[in-house]
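Quick notes on the structure that follows.
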Amino acid sequence: MCPSGRRTAERIEHAAQAALSRVNNLTQSILAKAFRGELTADWRAANPDLISGENSAEALLARIKAERDKVKPTKKAKAG
């Protein structure tokens, strides 16, 4: 890979890592609010983008399952 291509790849990777960090922080913040009982109907009405689409409970659970499946060891078939 040429040096400029490597720099581009590094910038993209850095941006992706920064975005992932922001998502993780947002997720933790929302969970903390949920456990403190702060996710009221008023909060949900003011923040529909934080609880729908890719941020819906269903989507978050699907991502958690996918992450768990990635780290789960695969079972090897026994030689018979």
Side-chain angles (χ1 to χ4, degrees):
M1 182 182 295
C2 70
S4 64
R6 189 171 299 120
R7 285 191 301 269
T8 300
E10 288 171 355
R11 280 195 309 269
I12 292 170
E13 183 177 351
H14 178 72
Q17 288 296 327
L20 180 59
S21 178
R22 286 191 304 272
V23 167
N24 288 337
N25 289 338
L26 178 61
T27 301
Q28 291 301 315
S29 175
I30 290 172
L31 286 172
K33 285 181 174 288
F35 282 106
R36 289 192 304 260
E38 296 176 9
L39 299 183
T40 63
D42 290 339
W43 183 91
R44 289 191 304 273
N47 299 283
D49 55 318
L50 297 179
I51 59 172
S52 62
E54 69 181 25
N55 295 318
S56 69
E58 184 178 5
L60 292 172
L61 288 172
R63 286 202 305 263
I64 291 168
K65 183 182 182 316
E67 285 296 318
R68 285 183 178 167
D69 289 346
K70 277 199 292 189
V71 298
K72 189 183 297 183
T74 56
K75 293 182 181 179
K76 295 181 182 180
K78 292 183 180 179

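Predicted model, so just to flag it, every value in this text is computed and none were measured.
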Using residues 13-26 as the side-chain source, report each donor-acceptor pair under 3.5 Å to any protein atom, sequence neighbours left out, with the distance given to one decimal.
residue: N24; atom: ND2; partner: L20; partner atom: O; Å: 3.4
residue: N25; atom: ND2; partner: S21; partner atom: O; Å: 3.4

Subject >> By side-chain contact (heavy atoms from CB on, under 4.5 Å) - contacts of R11 (at least two apart) >> reply: R7, T8
Original post:
Rounded to the nearest 0.5 Å, how far apart are CD1 of I30 and CD1 of I51?
Top reply: 8.5 Å
**OP:** Indicate if L39 and L50 have the same hydrophobic cluster label, given that clusters are the connected sets of ILVMFWY residues with side-chain heavy-atom separations under 4.5 angstrom.
**Re:** yes
Original post:
Can you name the side-chain contact (heavy atoms from CB on, under 4.5 Å) partners of E67, sequence neighbours left out?
Top reply: K70
Original post:
What pairs of residues pass the side chain to side chain donor-acceptor pair (under 3.5 Å) test when at least one of them lies in residues 51-66, not counting sequence neighbours?
Top reply: K65-D69
Subject >> Closest non-hydrogen atom pair between G53 and A59, with its separation >> reply: O-CB, 3.5 Å
Original post:
Considering residues at least two apart in sequence or located in another chain, which fulfil the salt bridge (Lys or Arg N to Asp or Glu O under 4.0 Å) criterion with R36?
Top reply: E38
**OP:** Would you mind listing every salt bridge (Lys or Arg N to Asp or Glu O under 4.0 Å) that reaches into residues 43-53, with sequence neighbours excluded?
**Re:** none
